[in-house]
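Sequential numbering from 1 along the given sequence is applied to the chain's residues.
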Amino acid sequence: MKRTFPAKAADYFPLRRAWQAFSRLLPVLVLAAAILAADPARAEAPTLSAEGVDHYTLALTWHPGFCVSRTRPPRECREPALREGADRGFVLHGLWPSLPERFADRGIDRRRWWREGCFLETPRADGGFCRAHPPLDLSVGLERRLDAAMPGRASCLGRYQYAKHAACLALPEATYFAASVALVEAVNESAFGGFVTLNQGGEVARNALIDAFEAAFGEQTGRALRLTCGGRGNRLLTEVRIGIAADRLADFPAAESLVRQPRGRCATRVRIARFE
(Lines give C-alpha, C1' and ligand atoms only; values in the text may rest on other atoms or scores of the structure.)
Protein backbone atom coordinates (compact mmCIF):
# COMPACT_ATOMS: atom_id res chain seq x y z
CA MET A 1 0.00 0.00 0.00
CA LYS A 2 1.23 3.50 -0.81
CA ARG A 3 1.44 4.88 2.60
CA THR A 4 2.36 7.51 5.07
CA PHE A 5 5.65 9.09 5.92
CA PRO A 6 8.89 7.99 7.55
CA ALA A 7 10.43 9.84 10.42
CA LYS A 8 13.15 11.58 8.43
CA ALA A 9 12.11 14.60 6.38
CA ALA A 10 15.56 14.53 4.81
CA ASP A 11 14.49 11.41 2.95
CA TYR A 12 12.40 13.70 0.74
CA PHE A 13 13.73 17.24 0.91
CA PRO A 14 17.20 18.75 1.17
CA LEU A 15 17.92 20.58 4.40
CA ARG A 16 17.03 24.24 4.32
CA ARG A 17 18.44 26.98 6.42
CA ALA A 18 16.37 27.35 9.54
CA TRP A 19 16.00 31.10 9.35
CA GLN A 20 14.87 31.05 5.72
CA ALA A 21 12.28 28.39 6.49
CA PHE A 22 11.03 30.28 9.52
CA SER A 23 10.74 33.58 7.68
CA ARG A 24 8.75 31.93 4.86
CA LEU A 25 6.42 30.10 7.22
CA LEU A 26 5.78 32.81 9.79
CA PRO A 27 2.72 34.23 7.96
CA VAL A 28 1.37 30.69 7.52
CA LEU A 29 1.81 29.85 11.19
CA VAL A 30 0.06 33.06 12.21
CA LEU A 31 -2.80 32.25 9.83
CA ALA A 32 -3.06 28.70 11.17
CA ALA A 33 -3.32 29.97 14.73
CA ALA A 34 -6.06 32.40 13.70
CA ILE A 35 -8.04 29.66 11.97
CA LEU A 36 -7.84 27.34 14.96
CA ALA A 37 -8.82 30.12 17.35
CA ALA A 38 -11.80 31.09 15.23
CA ASP A 39 -13.12 27.57 14.65
CA PRO A 40 -11.56 24.87 16.84
CA ALA A 41 -14.25 22.28 16.04
CA ARG A 42 -13.95 20.11 12.94
CA ALA A 43 -16.82 19.33 10.61
CA GLU A 44 -18.10 15.77 10.59
CA ALA A 45 -15.53 13.60 8.83
CA PRO A 46 -16.48 12.07 5.45
CA THR A 47 -16.51 8.31 4.91
CA LEU A 48 -16.57 6.23 1.72
CA SER A 49 -16.65 2.46 1.37
CA ALA A 50 -15.30 1.58 -2.07
CA GLU A 51 -14.13 -2.03 -1.91
CA GLY A 52 -10.54 -2.80 -2.86
CA VAL A 53 -9.41 0.84 -3.12
CA ASP A 54 -6.08 1.78 -1.54
CA HIS A 55 -6.26 5.57 -1.64
CA TYR A 56 -7.98 8.57 -3.17
CA THR A 57 -6.55 11.54 -5.03
CA LEU A 58 -8.30 14.78 -4.15
CA ALA A 59 -7.91 17.01 -7.23
CA LEU A 60 -8.46 20.70 -6.53
CA THR A 61 -8.37 23.35 -9.22
CA TRP A 62 -7.06 26.87 -8.76
CA HIS A 63 -9.85 28.34 -10.85
CA PRO A 64 -8.23 31.58 -12.08
CA GLY A 65 -5.11 29.68 -13.17
CA PHE A 66 -7.15 26.99 -14.91
CA CYS A 67 -9.18 29.56 -16.81
CA VAL A 68 -6.16 31.60 -17.88
CA SER A 69 -4.45 28.46 -19.18
CA ARG A 70 -7.34 27.42 -21.46
CA THR A 71 -7.30 28.43 -25.11
CA ARG A 72 -11.07 27.79 -25.22
CA PRO A 73 -12.32 28.55 -21.69
CA PRO A 74 -15.46 26.65 -20.63
CA ARG A 75 -18.64 28.31 -19.44
CA GLU A 76 -17.53 28.43 -15.80
CA CYS A 77 -14.59 30.60 -16.86
CA ARG A 78 -16.56 32.95 -19.11
CA GLU A 79 -19.54 33.82 -16.93
CA PRO A 80 -18.83 36.20 -14.03
CA ALA A 81 -21.51 34.64 -11.83
CA LEU A 82 -19.76 31.28 -12.04
CA ARG A 83 -16.41 32.84 -11.13
CA GLU A 84 -17.83 34.45 -8.01
CA GLY A 85 -16.17 33.20 -4.86
CA ALA A 86 -13.25 31.58 -6.72
CA ASP A 87 -10.89 34.01 -5.00
CA ARG A 88 -11.71 32.40 -1.65
CA GLY A 89 -9.98 29.08 -2.28
CA PHE A 90 -9.66 25.99 -4.43
CA VAL A 91 -12.57 24.46 -6.31
CA LEU A 92 -13.33 20.78 -6.73
CA HIS A 93 -12.14 18.92 -9.80
CA GLY A 94 -12.72 15.42 -8.46
CA LEU A 95 -12.08 12.68 -5.92
CA TRP A 96 -10.39 9.81 -7.73
CA PRO A 97 -10.14 6.29 -6.29
CA SER A 98 -6.97 4.34 -7.00
CA LEU A 99 -7.07 1.18 -9.10
CA PRO A 100 -9.60 -1.18 -7.43
CA GLU A 101 -8.44 -4.73 -6.77
CA ARG A 102 -11.12 -6.31 -8.94
CA PHE A 103 -9.94 -4.32 -11.95
CA ALA A 104 -6.31 -5.15 -11.19
CA ASP A 105 -7.25 -8.84 -11.00
CA ARG A 106 -8.50 -8.55 -14.59
CA GLY A 107 -5.11 -7.33 -15.76
CA ILE A 108 -6.00 -3.64 -15.94
CA ASP A 109 -3.06 -1.45 -14.97
CA ARG A 110 -3.08 1.86 -13.16
CA ARG A 111 -2.50 3.92 -16.29
CA ARG A 112 -5.51 2.44 -18.06
CA TRP A 113 -7.71 2.83 -14.97
CA TRP A 114 -6.58 6.44 -14.65
CA ARG A 115 -7.45 7.06 -18.29
CA GLU A 116 -10.79 5.20 -18.53
CA GLY A 117 -12.05 4.55 -15.00
CA CYS A 118 -15.56 3.15 -14.73
CA PHE A 119 -16.00 3.51 -18.50
CA LEU A 120 -14.13 0.20 -18.68
CA GLU A 121 -17.37 -1.44 -17.53
CA THR A 122 -19.98 0.99 -18.73
CA PRO A 123 -18.86 2.70 -21.94
CA ARG A 124 -19.09 6.45 -22.03
CA ALA A 125 -22.41 7.60 -23.41
CA ASP A 126 -22.56 9.36 -26.75
CA GLY A 127 -22.98 13.10 -26.61
CA GLY A 128 -22.26 15.54 -23.80
CA PHE A 129 -22.82 14.59 -20.19
CA CYS A 130 -25.42 17.30 -19.74
CA ARG A 131 -27.64 15.43 -22.21
CA ALA A 132 -26.52 11.83 -21.80
CA HIS A 133 -26.76 11.60 -18.01
CA PRO A 134 -29.58 12.58 -15.65
CA PRO A 135 -29.04 15.23 -12.94
CA LEU A 136 -27.40 14.07 -9.74
CA ASP A 137 -29.71 12.89 -6.97
CA LEU A 138 -28.66 15.25 -4.18
CA SER A 139 -30.43 17.08 -1.38
CA VAL A 140 -31.04 20.80 -1.75
CA GLY A 141 -28.40 21.57 0.87
CA LEU A 142 -25.76 19.40 -0.77
CA GLU A 143 -26.64 20.84 -4.19
CA ARG A 144 -25.85 24.32 -2.86
CA ARG A 145 -22.57 23.25 -1.30
CA LEU A 146 -21.52 21.43 -4.47
CA ASP A 147 -22.44 24.41 -6.64
CA ALA A 148 -20.15 26.57 -4.50
CA ALA A 149 -17.34 24.00 -4.47
CA MET A 150 -17.49 22.97 -8.14
CA PRO A 151 -18.21 25.75 -10.66
CA GLY A 152 -17.51 23.17 -13.37
CA ARG A 153 -21.02 21.82 -12.73
CA ALA A 154 -22.07 24.41 -15.29
CA SER A 155 -20.41 22.11 -17.82
CA CYS A 156 -21.77 18.99 -16.06
CA LEU A 157 -18.39 18.18 -14.54
CA GLY A 158 -20.09 16.58 -11.54
CA ARG A 159 -21.97 14.07 -13.69
CA TYR A 160 -18.77 13.22 -15.57
CA GLN A 161 -16.71 12.77 -12.40
CA TYR A 162 -19.29 10.46 -10.85
CA ALA A 163 -19.71 8.38 -14.02
CA LYS A 164 -15.95 7.93 -14.46
CA HIS A 165 -14.73 7.59 -10.88
CA ALA A 166 -17.55 6.34 -8.66
CA ALA A 167 -20.49 4.76 -10.50
CA CYS A 168 -18.86 1.31 -10.79
CA LEU A 169 -17.79 1.24 -7.13
CA ALA A 170 -21.25 1.20 -5.54
CA LEU A 171 -20.76 4.67 -4.11
CA PRO A 172 -24.05 6.56 -3.77
CA GLU A 173 -24.01 9.97 -5.44
CA ALA A 174 -24.87 11.83 -2.25
CA THR A 175 -22.20 10.05 -0.21
CA TYR A 176 -19.52 10.56 -2.83
CA PHE A 177 -20.16 14.28 -3.25
CA ALA A 178 -20.72 14.95 0.47
CA ALA A 179 -17.27 13.51 1.11
CA SER A 180 -15.75 15.44 -1.80
CA VAL A 181 -17.20 18.75 -0.65
CA ALA A 182 -16.14 18.20 2.96
CA LEU A 183 -12.57 17.53 1.82
CA VAL A 184 -12.28 20.65 -0.34
CA GLU A 185 -13.80 22.73 2.46
CA ALA A 186 -11.20 21.34 4.88
CA VAL A 187 -8.36 22.33 2.55
CA ASN A 188 -9.75 25.82 2.00
CA GLU A 189 -10.17 26.34 5.74
CA SER A 190 -6.56 25.31 6.37
CA ALA A 191 -3.49 27.50 6.53
CA PHE A 192 -2.39 26.04 3.18
CA GLY A 193 -5.59 27.21 1.51
CA GLY A 194 -5.17 30.57 3.20
CA PHE A 195 -1.58 30.90 2.01
CA VAL A 196 -2.54 30.33 -1.62
CA THR A 197 -5.50 32.71 -1.38
CA LEU A 198 -3.43 35.45 0.23
CA ASN A 199 -0.80 35.20 -2.50
CA GLN A 200 -3.13 35.27 -5.50
CA GLY A 201 -2.08 37.83 -8.04
CA GLY A 202 1.56 37.26 -7.13
CA GLU A 203 4.37 34.77 -7.39
CA VAL A 204 5.80 32.41 -4.76
CA ALA A 205 8.55 29.83 -4.60
CA ARG A 206 7.44 26.27 -5.30
CA ASN A 207 9.07 25.21 -2.03
CA ALA A 208 7.06 27.85 -0.18
CA LEU A 209 3.88 26.08 -1.28
CA ILE A 210 5.26 22.78 0.01
CA ASP A 211 6.31 24.43 3.27
CA ALA A 212 2.84 25.93 3.66
CA PHE A 213 1.29 22.51 3.13
CA GLU A 214 3.52 20.99 5.81
CA ALA A 215 2.79 23.85 8.19
CA ALA A 216 -0.92 23.17 7.76
CA PHE A 217 -0.99 19.36 7.73
CA GLY A 218 2.15 18.25 9.53
CA GLU A 219 5.87 17.80 9.10
CA GLN A 220 7.07 15.50 6.32
CA THR A 221 3.68 15.50 4.52
CA GLY A 222 4.88 17.46 1.50
CA ARG A 223 5.14 14.34 -0.65
CA ALA A 224 1.36 13.91 -0.38
CA LEU A 225 1.02 17.11 -2.44
CA ARG A 226 1.37 17.25 -6.21
CA LEU A 227 1.49 20.70 -7.77
CA THR A 228 0.22 21.01 -11.34
CA CYS A 229 1.18 24.03 -13.43
CA GLY A 230 0.55 25.22 -16.96
CA GLY A 231 1.44 28.12 -19.17
CA ARG A 232 4.85 29.00 -20.46
CA GLY A 233 7.57 27.22 -18.50
CA ASN A 234 4.99 25.54 -16.21
CA ARG A 235 4.90 28.60 -14.00
CA LEU A 236 1.13 29.04 -13.64
CA LEU A 237 -0.57 27.13 -10.80
CA THR A 238 -3.64 25.32 -12.14
CA GLU A 239 -4.27 22.46 -9.71
CA VAL A 240 -3.11 20.65 -6.60
CA ARG A 241 -3.59 16.93 -5.91
CA ILE A 242 -3.54 15.40 -2.45
CA GLY A 243 -3.20 11.68 -1.70
CA ILE A 244 -5.48 10.33 1.05
CA ALA A 245 -5.50 6.76 2.37
CA ALA A 246 -8.86 5.09 1.77
CA ASP A 247 -9.02 3.64 5.28
CA ARG A 248 -8.08 6.99 6.85
CA LEU A 249 -10.37 9.25 4.85
CA ALA A 250 -12.34 10.11 7.97
CA ASP A 251 -9.12 11.33 9.63
CA PHE A 252 -8.26 13.89 6.94
CA PRO A 253 -6.38 16.23 7.22
CA ALA A 254 -4.34 14.43 9.90
CA ALA A 255 -0.81 13.66 8.73
CA GLU A 256 -1.45 9.92 9.18
CA SER A 257 -4.20 10.05 6.57
CA LEU A 258 -1.93 11.26 3.76
CA VAL A 259 -0.10 9.17 1.14
CA ARG A 260 2.55 10.01 -1.43
CA GLN A 261 1.76 11.53 -4.78
CA PRO A 262 3.98 11.56 -7.88
CA ARG A 263 6.09 14.67 -8.28
CA GLY A 264 4.60 17.58 -10.18
CA ARG A 265 6.29 19.64 -12.88
CA CYS A 266 5.99 23.21 -11.68
CA ALA A 267 8.83 25.67 -12.10
CA THR A 268 10.82 26.83 -9.09
CA ARG A 269 8.75 30.06 -9.07
CA VAL A 270 4.99 29.75 -9.41
CA ARG A 271 2.44 32.40 -10.34
CA ILE A 272 -0.92 32.29 -8.55
CA ALA A 273 -3.40 33.95 -10.90
CA ARG A 274 -6.43 35.96 -9.89
CA PHE A 275 -9.54 37.09 -11.73
CA GLU A 276 -9.47 40.74 -12.71
Side-chain angles (χ1 to χ4, degrees), residues 13 24 56-96 98 110-111 113-117 128-129 148-158 160-161 164-165 180 183-184 187-188 190 192-214 216-217 221-244 260-276:
F13 299 104
R24 282 201 305 264
Y56 293 89
T57 297
L58 176 65
L60 303 178
T61 299
W62 183 252
H63 199 42
F66 166 77
C67 291
V68 168
S69 70
R70 308 299 287 184
T71 55
R72 298 178 62 184
R75 179 184 169 193
E76 58 267 25
C77 294
R78 302 191 308 268
E79 297 186 13
L82 296 174
R83 292 164 33 174
E84 186 176 349
D87 59 347
R88 295 195 291 269
F90 291 98
V91 299
L92 178 64
H93 181 174
L95 182 63
W96 306 334
S98 62
R110 293 176 183 175
R111 181 172 296 182
W113 166 255
W114 194 260
R115 183 175 65 248
E116 300 181 53
F129 273 82
M150 181 185 264
R153 289 195 75 195
S155 302
C156 297
L157 176 62
Y160 173 78
Q161 290 295 311
K164 181 178 180 181
H165 297 289
S180 301
L183 293 169
V184 68
V187 173
N188 283 337
S190 74
F192 172 68
F195 177 82
V196 175
T197 301
L198 287 172
N199 282 282
Q200 62 185 307
E203 188 178 274
V204 299
R206 180 184 62 208
N207 282 346
L209 288 166
I210 297 170
D211 289 342
F213 187 87
E214 293 196 347
F217 301 122
T221 60
R223 281 297 298 270
L225 174 70
R226 175 173 180 154
L227 301 171
T228 301
C229 295
R232 185 175 182 180
N234 291 326
R235 296 185 60 187
L236 178 67
L237 182 67
T238 57
E239 185 162 284
V240 302
R241 298 176 183 178
I242 302 171
I244 310 172
R260 300 186 203 180
Q261 285 283 289
R263 291 286 194 180
R265 294 185 177 180
C266 291
T268 56
R269 300 287 299 179
V270 176
R271 182 164 67 92
I272 303 175
R274 72 181 306 161
F275 286 126
E276 300 298 334

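- Residues forming a side chain to side chain donor-acceptor pair (under 3.5 Å) with S69 (at least two apart in sequence, or on another chain): none.
- Taking 4.5 Å as the limit, every side-chain heavy atom of Y56 sits out of range of all side-chain heavy atoms of L183.
- Summarising the geometry, atom SG belonging to C266 is positioned 5.0 Å from atom CG belonging to L227; distances are rounded to the nearest 0.5 Å.
- One distance of note links CE of M150 with CG of L157; it measures 4.0 Å at 0.5 Å rounding.
- Annotation: salt bridge (Lys or Arg N to Asp or Glu O under 4.0 Å) contacts involving residues 71-82, sequence neighbours excluded, comprise R75-E79.
- Sorted by first and then second residue, the side chain to side chain donor-acceptor pair (under 3.5 Å) pairs involving residues 224-244 (not counting sequence neighbours) are T61-E239, H93-E239, E203-R235, E239-R241.
- The two residues L58 and V184 come nearest to each other via the heavy atoms CD2-N, 4.5 Å.
- For the atom pair CG (L60) and CG (L95), the distance works out to 9.5 Å, reported to the nearest 0.5 Å.
- In terms of the side chain to side chain donor-acceptor pair (under 3.5 Å) criterion, T197 has no residue partners (sequence neighbours excluded).
- Atom CH2 of W114 and atom NZ of K164 lie 8.5 Å apart (nearest 0.5 Å).
- The number of heavy atoms from other shown groups lying within 6.0 Å of CZ (R269) is above 12.
- Atom CZ of R263 is separated from atom CG of L225 by 10.0 Å, given to the nearest 0.5 angstrom.
- Ring-plane geometry between H63 and F275 is classed as perpendicular, the angle between the planes exceeding 60 degrees on a 0 to 90 degree scale with a lower cut at 30.
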I242 vs F213, side chain to side chain contact (heavy atoms under 4.5 Å, CB included): CA-CA, chis, key distance, verdict: CA-CA 10 Å; I242 302 171; F213 187 87; 3.9 Å; yes
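- Residue pairs satisfying the salt bridge (Lys or Arg N to Asp or Glu O under 4.0 Å) criterion with at least one member in residues 57-66, sequence neighbours excluded, are absent.
- Partners of V196 under the side-chain contact (heavy atoms from CB on, under 4.5 Å) rule, at least two apart in sequence or in another chain, are W62, F90, F192, L209, L237, I272.
- For the residue pair A267 and G233, the shortest heavy atom distance occurs at CB-O, 3.5 Å.
- Between A273 and P64, the shortest heavy-atom distance links the atoms O-CB, 3.5 Å.
- Of all heavy-atom pairs spanning L236 and G65, the tightest one is CD2-O, 3.5 Å.
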